Each structure stands twice: as structure tokens, then as C-alpha cells.
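For reference, the structure is listed below as C-alpha cells.
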Protein chains: 2
Amino acid sequence: MNQAKILQLLVADNLVSDPDSARGRLLREAARLFREKGYERTTVRDLAAAVGIQSGSLFHHFRTKEEILKAVMVETIRLNTAVMRAAIDAADSNREKLRALVSAELESINGQTGEAMAVLVFEWRSLSEVSQVEVLKLRDIYETLWLDVLSALKEEGALLADPFVVRRLLTGALSWTVTWYRPERGGLTQDALTDEVIAMLGLSPS
Amino acid sequence: MNQAKILQLLVADNLVSDPDSARGRLLREAARLFREKGYERTTVRDLAAAVGIQSGSLFHHFRTKEEILKAVMVETIRLNTAVMRAAIDAADSNREKLRALVSAELESINGQTGEAMAVLVFEWRSLSEVSQVEVLKLRDIYETLWLDVLSALKEEGALLADPFVVRRLLTGALSWTVTWYRPERGGLTQDALTDEVIAMLGLSPS
DNA sequence: TTACATACCAAGCGCTTGCTTGGTATTGTC
DNA sequence: GACAATACCAAGCAAGCGCTTGGTATGTAA
């Protein structure tokens with residue numbers, strides 16, 4: 001199952017906005033602007049101009065500016081959780097599952113949803129505390145996918161370090177790629193980068 | 001040479017503000033607030049209140065709010081570069097130098113300068129482009145220290161992966177600890193965390 | 001004592017911000 | 001074709017923002 005298909009299912013269930021709808025287009029532009037300039041430096045007038053409407057008209061789609069940020073984050077997590085789950089299900093061994101997770105996360109950070117993922121990392125504090133709690137719950141589901149695989153590898157004896165610590169070091173390492181990894185400029189392919197990451201983890205030979 | 005001694009030398013050379021001076025106190029409070037609420041959400045009135053003066057009085061010490069952010073970043077980089085250099089010089093082998101670097105960076109991220117380091121990571125885009133270039137130059141000096149050690153390890157055959165890629169994955173992994181690592185709540189000591197990081201790098205046995 | 005610099009206060013200016021309001025096209029439904 | 005819901009515009013409000021201004025108290029040097 002590819003990402004397009006998964007997206008289609010989520011749109012049908014109303015869990016993610018149709019990218020072609022007015023709301024979907026706004027969220028995509030919002031992710032772009034939030035990433036480029038940061039949430040606070042992006043005005044509602046910027047957002048409106050990006051989709052060609054007046055700033056006041058935004059508030060027919062969202063009650064507040066923060067709601068836009070939250071929607072970007074929530075929908076991105078939903079999509080990526082589904083993609084991760086599919087990646088895991090398609091793999092057989094735990095080692096393959098781990099590689100699939102690393103590869104999928106790199107794709108989500110550096111591919112289509114990259115802007116939204118960067119927003120998720122860097123604009124966290126711009127959410128109200130109430131929203132933070134809500135988004136955190138969704139992230140926990142996502143993190144559980146990782147921890148299950150890492151814990152299984154630990155039990156197999158393939159992973160020596162603590163799964164929690166490894167996941168957190170990995171979160172940082174992978175998120176950070178958004179600041180420097182530019183596959184389109186040649187150099188490392190995404191697959192090669194995945195290899196480097198897996199190599200860095202130093203799994204003991206099976 | 002410990003961090004206090006290094007700080008003293010930098011203060012004497014006017015490269016870093018005396019923490020006990022008005023300017024130094026303001027910068028420390030600024031780092032705290034910028035980290036806690038983000039640069040944009042921190043007002044000049046917040047900054048002034050934190051050191052007990054009127055908002056307008058800030059502008060006798062700094063011409064603009066951005067200049068405060070930049071000063072926090074520049075002084076933090078200067079201090080940490082000096083600390084890193086001392087850590088390297090005190091170590092004999094390249095393996096020990098690497099461990100010293102990891103340990104020192106974890107200390108700078110999670111110790112006294114932690115708030116300022118977090119600002120350096122998360123408030124980057126709030127700097128004007130001109131300032132970004134300026135700060136980047138300082139960071140390059142700092143990064144060279146890392147790359148020299150990693151490249152030497154690569155030549156020795158101890159490191160198999162690309163030094164540039166490893167440094168960047170490490171930057172992310174170590175920076176990210178600021179979001180989750182809480183040594184004061186028990187659990188992992190900073191030394192143990194250093195061990196996990198070194199282990200994760202999977203250096204081949206010498 | 002004079003002269004100047006430093007560090008600060010009290011007040012507020014001009015601008016931008018998120019958001020509201022009252023109204024008008026456009027679309028979908030029966 | 002009637003009618004409501006939806007999507008939008010034009011105008012602007014109230015609040016908060018970074019920063020300026022004109023002035024005063026304190027310290028320092030000749």
C-alpha cells in the first residue's frame with residue numbers, strides 16, 4: 001500500500017483534509033509558511049494571500065490562527081502514523097521493520113510532508129498547553145510503533161542499548177536531517193542515508 | 001582547565017559578558033525566556049521585567065531586540081568553542097577526543113548553558129539573514145573541531161561512515177536531548193548517556 | 001565645582017497583529 | 001424557482017508590539 005492510497009483512505013474517513021479542497025490547500029500553504037518563517041512571523045494576512053483570499057475569510061474555515069497550526073500537526077501525525085503502520089506490516093523480521101521505520105520517517109521528513117513535519121518539530125511551543133496535550137496523545141500512538149519494534153530487537157539480543165534512549169537519539173538524528181539533507185542536490189540518496197543510520201545503530205549480527 | 005576558568009579568560013578578553021554585570025544578567029534571563037516561550041512570544045517588556053527595569057531602558061544596552069538574541073547566540077558559541085577545544089586538548093587518542101566532544105556537548109546542552117544552546121537550535125530563523133551569516137561563521141569554527149576528530153578516526157579505520165553525515169546525525173541526536181533528558185529526575189547519568197551515544201556510533205575495535 | 005557619561009524612568013507614538021462585523025455572491029437541495 | 005447554507009469581501013477595531021523621546025539620578029574625573 002503506497003502513501004497515496006493511505007491518504008485516500010484517511011480522507012474518506014475525514015481524518016485528513018482532501019489536499020484539493022480549500023481547507024487542504026490552506027493547510028499545505030500554512031505548513032510551507034510556518035516552516036519558512038515560523039508560526040509567529042507568519043500573519044493571517046500572509047496565510048490568506050497564499051490561497052488568494054482576504055484575511056478575514058480565513059476565520060470561516062478556522063476559528064483561530066492556532067487552530068490552523070494544530071490542524072497541520074494533527075493531520076500530519078495521522079497520515080504518518082498510518083504510513084508507518086503500513087511500513088511495519090509489510091516487513092517480516094524485526095530488523096526489516098526497523099529499516100522500514102527509519103526509511104519511512106526519513107521520507108516523511110524529507111518528502112511531501114516534510115514541511116509539516118518540520119513544523120511539528122520546531123513550532124511545538126506555539127501551541128497552547130491544551131492543544132499540546134492533545135497532539136501529544138497522537139504522538140504517543142506513533143511512538144509506540146517504534147518502541148514495539150525496538151523492544152523486540154532488544155529481546156532478540158540484536159539491540160544492546162535501551163530502546164527508549166535509542167528512539168530518542170534517533171528522533172533527534174532523523175528530525176535534524178530536515179536542516180541539512182538535500183537529496184535533490186546530489187550526494188546521498190535517501191536509501192544510502194537509511195543505510196548510514198542503520199549502520200550507526202550498530203545492531204549485532206544475527 | 002574547567003569551564004569557570006575558561007569563562008574568566010573569555011570575559012577578560014571581552015568576548016563574553018561577565019555573568020554578574022547588568023548585560024550578563026540580561027542575557028541569561030533572555031536565554032531563559034527565549035527558550036521557555038520562544039523569541040517572538042517574549043516581549044521587550046518581559047525581558048525588562050525579568051531584570052527589574054523599564055522596557056525602554058533595554059535599549060541603552062542593545063539597539064534592537066534582535067541584537068539581544070544574537071548576543072545570546074554569539075556568546076554561547078564562543079564559550080562552547082573554547083570549552084570544546086580544551087576538552088580535545090586534554091585527551092590523547094582520537095577515540096578519547098571523540099568521547100570528550102560528546103561529553104562536552106551533552107554538558108553544554110544540558111548544563112549551565114543549556115537554555116542558550118536550546119535558543120541556538122530553535123530560534124535560528126528569528127535572526128535576520130545578515131545575522132544568520134555572521135553566527136554561521138562562528139558555528140563553522142566549532143564544527144571544524146568535530147570534523148577534524150571524526151576525519152582522523154575515519155583515516156584510522158575506526159569510523160566507517162562518512163564523517164560529515166555522522167556529525168550531522170550526532171548534532172540532531174545530541175541537540176534533541178534537550179527536549180527529553182532530565183538527569184535530575186534520576187535514571188541515566190550524563191556519563192551513561194555519553195556511553196550510549198558512543199556505543200551507538202559503533203566504532204570498530206582498535 | 002564643573003563637566004560629562006552612564007543607567008535608568010515615565011510616557012507614549014506609530015504600526016501591526018489577530019479577529020469581528022455586516023454584507024454580498026455562489027452553490028447545493030428539494 | 002425558492003431558500004438556506006456556504007464561501008467570501010471590505011472595512012476596521014482593540015490590543016499589543018518594538019522602539020523613541022525628554023528627562024532625572026548617580027558616579028567619575030579634572
Side-chain angles (χ1 to χ4, degrees), chain A residues 11 14 17-73 119 123-132, chain B residues 11 14 17-73 119 123-132:
Chain A
V11 169
N14 244 332
S17 305
D18 183 348
D20 292 330
S21 70
R23 183 186 157 102
R25 252 178 295 122
L26 173 60
L27 289 181
R28 195 170 58 240
E29 290 300 315
R32 216 199 71 231
L33 286 167
F34 289 162
R35 165 162 183 202
E36 189 182 312
K37 321 184 4 168
Y39 172 77
E40 310 285 350
R41 293 176 100 92
T42 303
T43 68
V44 293
R45 287 164 180 82
D46 292 335
L47 291 169
V51 290
I53 59 175
Q54 292 296 105
S55 68
S57 307
L58 276 185
F59 296 90
H60 282 270
H61 300 281
F62 298 91
R63 266 173 310 174
T64 63
K65 183 188 169 193
E66 197 214 329
E67 202 171 284
I68 300 177
L69 176 63
K70 187 168 144 193
V72 167
M73 292 183 170
V119 169
E123 305 301 333
W124 186 250
R125 274 166 322 173
S126 296
L127 279 184
S128 70
E129 281 191 41
V130 178
S131 299
Q132 282 189 21
Chain B
V11 168
N14 243 333
S17 305
D18 183 348
D20 293 330
S21 69
R23 184 186 157 103
R25 252 179 296 121
L26 173 60
L27 289 181
R28 195 170 57 240
E29 290 299 315
R32 215 199 71 233
L33 286 167
F34 289 163
R35 159 151 190 212
E36 188 182 311
K37 322 187 358 170
Y39 172 76
E40 311 284 351
R41 293 175 100 93
T42 303
T43 68
V44 293
R45 288 164 181 84
D46 292 334
L47 292 169
V51 290
I53 58 174
Q54 291 296 106
S55 67
S57 306
L58 276 185
F59 296 90
H60 283 270
H61 301 282
F62 298 91
R63 265 174 310 174
T64 63
K65 182 187 168 193
E66 197 214 329
E67 202 170 283
I68 300 177
L69 176 62
K70 187 167 143 193
V72 168
M73 292 183 170
V119 170
E123 305 302 331
W124 186 250
R125 274 167 321 173
S126 297
L127 280 183
S128 70
E129 282 192 39
V130 178
S131 298
Q132 282 189 22

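Heavy atoms only: backbone and side chains are in, while hydrogens, waters and symmetry mates are out. Model, not experiment: these values are computed from the prediction. Numbered from 1 within each chain, the chains take letters A, B, ... in sequence-line order.
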B:H61 side chain near C:dC8 phosphate (N/O to OP1/OP2, under 4.0 Å): yes
Nearest-nucleotide check on DNA chain D, A:G56 vs B:Y39; residue mapping nearer the 5' end is A:G56
In whole angstrom, give the distance that lies between atom CZ of B:R45 and atom P of C:dG12. 13 Å
Atom CZ of B:F62 and atom P of D:dT20 are separated, to the nearest Å, by 15 Å
Categorize B:T43 for me: base, sugar-phosphate, or nothing, with a 4.0 angstrom heavy-atom threshold over every strand shown. sugar-phosphate
Taking side chain as C-beta onward, heavy atoms only, is A:R25 less than 4.5 Å from A:D20? no
Checking contacts here: which listed nucleotide (D:dC17, C:dG18, D:dA10) is nearest the side-chain heavy atoms of A:Q54? D:dA10
Side chain of A:I53: nearest nucleotide among C:dA10, D:dC9, C:dG18? D:dC9
Take B:E29 and B:R32, measure what salt bridge (Lys or Arg N to Asp or Glu O under 4.0 Å) needs, and give me the verdict at the end. CA-CA 5 Å; B:E29 290 299 315; B:R32 215 199 71 233; 2.2 Å; yes
Nearest-neighbour nucleotide for the B:T64 side chain, C:dC19, C:dA10, D:dC19 considered: D:dC19
Value in whole Å for how far the P atom of D:dG16 lies from NZ of B:K37: 13 Å
Determine whether B:R125 and A:K37 make a side-chain contact, defined as any pair of heavy atoms from C-beta on separated by less than 4.5 Å. no
Are B:S57 and C:dC9 close enough that a side-chain N or O sits under 4.0 Å from OP1 or OP2? yes
Proximity to the side chain of A:F59 - top-ranked nucleotide from D:dC19, C:dC8, C:dG18: C:dG18
Could you say whether A:H60 or B:S55 is positioned toward the 5' end of DNA chain C, judged by the nucleotide with the nearest heavy atom to each? B:S55
Taking atom CZ of B:F62 and atom CG of B:L26, what is their separation to the nearest 0.5 Å? 5.0 Å
To the nearest Å, how far apart are B:L58 CG and D:dG18 C1'? 10 Å
